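Report on one structure; see the data block that follows.
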Amino acid sequence: MSRAIPRTYWVAGAAVLLALLFAAAATVAAANGGSAARPAPAPRTPGLHSADAGFARDMAVHHQQAVEMSFIVRDRTQDEAVRTLAYDIANTQANQRGMMLGWLDLWGLPKVVAGEPPMSWMGTSGGHDGHGGDGGQAGHGGQAGHGPAKPGALMPGMATKEELEQLGAASGRDAEVLFLQLMTDHHMGGVTMAEGCARLCATPVERDLAQGMVDAQRSELTLMADMLKQRGATPRG
């Protein structure tokens with residue numbers, strides 16, 4: 001004859017079962033980051049005239065000229081130190097240029113904007129819309145620390161067409177000195193632009209790239225000053 005199970009055993013068993021169910025649910029929730037946790041907001045796409053987009057467009061152009069000058073001087077001298085520096089600059093800046101153009105494609109933004117003055121994203125023409133269309137972000141900073149572009153140059157630090165022709169016509173020490181002087185100017189303008197992005201850009205990976213440019217180009221400026229001194233020359237300005 002079977003004995004009836006006391007009511008207290010049923011109550012205790014039910015409590016244990018409920019506890020196990022709650023524990024299992026909590027474990028699953030923890031593994032999934034919590035069922036009540038809100039999904040992280042998607043990052044906003046930079047606007048057409050944001051600092052992020054403007055820097056990517058302008059620095060891509062700026063970098064392209066550095067690559068061009070580097071290839072020119074490699075054909076105009078046999079000096080190994082200058083040729084190595086030129087190769088490093090061309091390789092680094094070509095890769096960085098590809099990254100910036102890739103970001104513009106990813107953001108669905110054009111690589112050229114008709115009527116947009118160079119470096120306007122730094123606030124030199126009153127500012128534009130910021131990240132995702134928010135106003136005012138590009139209206140800070142300006143071009144403090146570096147003057148306007150010289151006549152015939154698109155942006156501060158960039159060489160003119162005539163200077164590129166002079167570099168292509170020079171050889172030996174003359175080519176080395178002119179290249180180091182032109183690239184010194186070029187890096188000074190590039191550092192100013194990169195500092196602007198490190199301060200104004202909203203995309204973390206782009207700010208990091210810009211700060212990396214600042215650090216690397218400042219180091220190369222010191223190196224080029226030493227190389228000019230070894231050749232009895234100095235930076236132009």
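Remember, it's a predicted structure, so these values are computed and weren't measured experimentally. All values below come from the heavy atoms of this structure, side chains included, with hydrogens, waters and symmetry mates left out. Heads up: numbering here begins at 1 and tracks the sequence.
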Lys/Arg N to Asp/Glu carboxylate O, Asp105 vs Lys111, below 4.0 Å: yes
Check the pair Asp215, Gln211 against side chain to side chain donor-acceptor pair (under 3.5 Å), reporting the backbone distance first and the verdict last. CA-CA 6 Å; Asp215 297 339; Gln211 186 59 53; 3.1 Å; yes
Under 3.5 Å: donor-acceptor pair, side chain of Arg83, backbone of Arg74: yes
Could you give the distance from CG (Leu223) to OG1 (Thr184), rounded to the nearest 0.5 Å? 9.5 Å
With sequence neighbours excluded, give me every ring-ring contact (aromatic ring centres under 6.0 Å, His included) pair touching residues 180-218. His62-His186
Please list every donor-acceptor pair under 3.5 Å in which a side-chain atom of residues 164-172 meets a protein atom from a residue at least two apart or in another chain.
none

Could you walk me through whether Ser70 and Phe179 satisfy the side-chain contact (heavy atoms from CB on, under 4.5 Å) test, starting with their C-alpha distance in whole Å, then the side-chain angles of each, then the deciding distance to 0.1 Å, before giving a yes or no? CA-CA 8 Å; Ser70 297; Phe179 168 76; 4.1 Å; yes
State plainly whether the residues Glu116 and Arg57 are in salt-bridge range, i.e. N to O under 4.0 Å. yes
Tell me which pairs pass ring-ring contact (aromatic ring centres under 6.0 Å, His included) where either residue lies in residues 205-237, with sequence neighbours left out. none
Minimum heavy-atom separation for Pro235 to Leu228, with atom names? N-CD1, 3.6 Å
Side-chain ion pair, Asp79 and Arg231, N-O less than 4.0 Å: yes
Run the salt-bridge test on Arg218 and Glu195 with the 4.0 Å N-O cut-off and return the result as yes or no. yes
Test Gln65 against every option in Met155, Gln93, Met158 by the side chain to side chain contact (heavy atoms under 4.5 Å, CB included) rule and name the one that passes. Met158
Minimum heavy-atom separation for Ala66 to Met183, with atom names? O-CE, 3.7 Å
